[in-house]
Amino acid sequence: MTTPTLTVEPISSTLLSPKIWLAPYALLVSTLYLWGYWGAFGINVLDYIGVSDIIKAAVYPVISAFAFMAIGALLGEVLSPRVEASADANTPVARKLRKAAPYIVAGYFSLIVVFALFGGLNKWHVVPVMLAIAGYVPAKASGLLSKEIRSDGFRSIVVFLLVALVPFSFGHGRKQAYEVMDSSKYQVVVSELPMKSSATKRATAEKPRFVGKLGDRFALYDPVARSVSLIAASEMKVLTLADSEILSKAMPSAPAPASLPASSTRATSTPAPSSAVSATGAQPSSSSPRSGLIP
C-alpha cells in the first residue's frame, strides 16, 4: 500500500500568487499617491481618514492617469513586429557587457539619485520611469505572473506596468499638488468663507484654491500666505469653485465680492462657470491639467 504524498508549493511561488499580494499592492499604490499629494502641503492624510478609505480615495486619480500609459504599452506589444531571440549570447560584445554589468547598474542608480536630488520640477517625469526599469528586471526574472499569463510578451508588459505604477503613483500626486500651488490652471474658491477674510477681494491668482476634502473637512490653499486651511464641511453651506482661467477672462480686473461674517455663509455669484463640492473622503482637486511638478 502506497502512502499518498502531499505536494507543497514553494514559499516563493506562493508569495508570487496575485491572491497574496494584490490587496497589499493596491494599498501601497494608494498610500503613495495620497502621500505624494497631501504630503506636499505638509498634511498627514492618515490623521483625517481611515485605512479603509485610502484605496477608495486614490483609485480614480491614479487609474485615470495611468490608464493611458497602460493602453499605449499594450498597443505597442500588439503592433510591434516579432523578433527572434539571438541564438548566440557569447559574442565579444555580450561578454563585455556582462563583465561591466555591476558598473552599469551602479551608474544607473547613481543617475536616479542625481535626478531625485537635483532634477528640479521635471524629476517626477524621469525618476518613476527609471525606477520602473530598475524594478522590472528582477520582477520578471522572479517569475511573477508566469502561471497566469502564458504569453511572454504580454507578461513583460503587465509586469512592467505593475512595477511602474508604484513610483508613478507618488510622482503623480506630487504633480497634482504643484498644479494647485504653482500652475496657471486650478480651482478657485468663489463662495463666501465661514471666517472674516479679505481673500475673496484678491485677484484670481491670489484667491484661495481648492486642494481637496479630508474626511469632513475642506482643504483650501492660500497662495499669498503659502498655507493650507482646513474648514469643517458643516461650517460651509455651499462651496462654489470656478476654473481659474475662465474666471480670469470673465473678470480680468473686477474684484470678487467681500466675504461675509461667519454667521452668513451663502455663496457669492460669479459669471464664471463653477461647481459645488460635496464629495467625501480624501479627494484631491482634479480639474487641473496633468503637467508641472513640485520638488
Side-chain angles (χ1 to χ4, degrees), residues 21-70 109 112-113 115-136 139 161-183 186-187 209-223 226-231 277 279-295:
W21 57 260
L22 191 57
Y25 173 82
L27 182 62
L28 172 65
V29 169
S30 302
T31 302
L32 286 174
Y33 168 75
L34 294 177
W35 179 26
Y37 183 78
W38 291 101
F41 299 98
I43 296 176
N44 181 5
V45 70
L46 293 179
D47 290 339
Y48 303 94
I49 66 172
V51 176
S52 59
D53 297 323
I54 290 179
I55 297 178
K56 180 177 65 176
V59 62
Y60 174 75
V62 172
I63 297 302
S64 61
F66 194 73
F68 294 100
M69 180 187 296
F109 278 98
I112 294 178
V113 174
F115 273 113
L117 295 177
F118 309 106
L121 300 179
N122 291 322
K123 65 184 177 182
W124 294 117
H125 284 306
V126 179
V127 173
V129 177
M130 296 183 72
L131 288 174
I133 295 173
Y136 161 75
L161 292 175
L162 287 173
V163 173
L165 185 57
V166 176
F168 172 87
S169 58
F170 182 87
H172 184 60
R174 275 290 193 261
K175 287 187 287 183
Q176 282 194 311
Y178 165 77
E179 291 163 7
V180 175
M181 289 190 278
D182 293 314
S183 74
Y186 41 83
Q187 290 181 310
R209 303 172 186 180
F210 181 66
V211 178
K213 194 177 184 190
L214 283 171
D216 59 350
R217 295 175 176 87
F218 290 111
L220 307 180
Y221 176 73
D222 187 338
R226 307 287 291 185
S227 62
V228 177
S229 299
L230 297 177
I231 304 175
V277 177
T280 59
Q283 302 294 339
S285 173
S286 59
S287 66
S288 305
R290 300 296 179 260
S291 62
L293 306 162
I294 186 171

Worksheet entry | Validation row: Val211, Ile43 side chains within 4.5 angstrom (heavy atoms) | no
Worksheet item: Which pair of non-hydrogen atoms, one from Phe66 and one from Leu161, has the smallest distance, and what is that distance?
Response: CZ-O, 3.3 Å
Practice prompt. Over all heavy atoms of both residues, which pair between Ala116 and Val127 is shortest? Give the atoms and the distance, please.
Written response: N-CG2, 3.9 Å
Discussion item. Tell me if the OH atom of Tyr48 is crowded by more than 12 foreign heavy atoms within 6.0 Å.
Written reply: yes
Discussion item. Using the rule given for side chain to side chain contact (heavy atoms under 4.5 Å, CB included), can you reason through Asp222 versus Val228, listing the C-alpha separation, both sets of side-chain angles and the distance that settles it, and then say yes or no?
Written reply: CA-CA 6 Å; Asp222 187 338; Val228 177; over 6 Å; no
Discussion item. Phe170: which residues meet the ring-ring contact (aromatic ring centres under 6.0 Å, His included) condition with it, sequence neighbours left out?
Written reply: Trp35, Trp124
Worksheet item: Side chain of Arg209, backbone of Val180: donor and acceptor closer than 3.5 Å?
Response: yes
Worksheet, complete the sentence: The side-chain contact (heavy atoms from CB on, under 4.5 Å) partners of Asn44 (sequence neighbours excluded) come to Leu46, Asp47
Practice prompt. Considering non-hydrogen atoms only, spot the tightest contact between Pro61 and His172 and give its length.
Written response: O-NE2, 3.4 Å
Worksheet entry | Shortest non-hydrogen contact from Ser169 toward Leu32 | OG-CB, 3.5 Å
Discussion item. Which residues pass the side-chain hydrogen bond (donor to acceptor under 3.5 Å, both in side chains) test with Tyr221, not counting sequence neighbours?
Written reply: Arg226
Worksheet item: Say you draw a straight line from NZ of Lys123 to CD1 of Ile112; how long is it, rounded to the nearest 0.5 Å?
Response: 13.5 Å
Fill in: Value rounded to 0.5 Å, distance of CG in Leu220 from CZ in Phe41
11.0 Å
Worksheet item: Of all heavy-atom pairs between Ala177 and Ala40, which one has the smallest distance, and what is that distance?
Response: CB-CB, 3.5 Å
Worksheet item: Does the Ser30 side chain pair with the main chain of Leu27, one donor and one acceptor, at a distance under 3.5 Å?
Response: no
Fill in: Point-to-point distance, once rounded to the nearest 0.5 Å, from OH of Tyr33 to CD1 of Ile55
15.0 Å
Worksheet item: Does a side-chain heavy-atom distance below 4.5 Å link Trp38 with Ile49?
Response: no
Discussion item. Would you compute the distance between atom CD1 of Ile63 and atom CG of Leu165 and round it to the nearest 0.5 angstrom?
Written reply: 6.0 Å
Worksheet item: After noting the C-alpha distance and the side-chain angles of Tyr25 and Val166, does the key distance pass the side chain to side chain contact (heavy atoms under 4.5 Å, CB included) rule?
Response: CA-CA 9 Å; Tyr25 173 82; Val166 176; 3.7 Å; yes
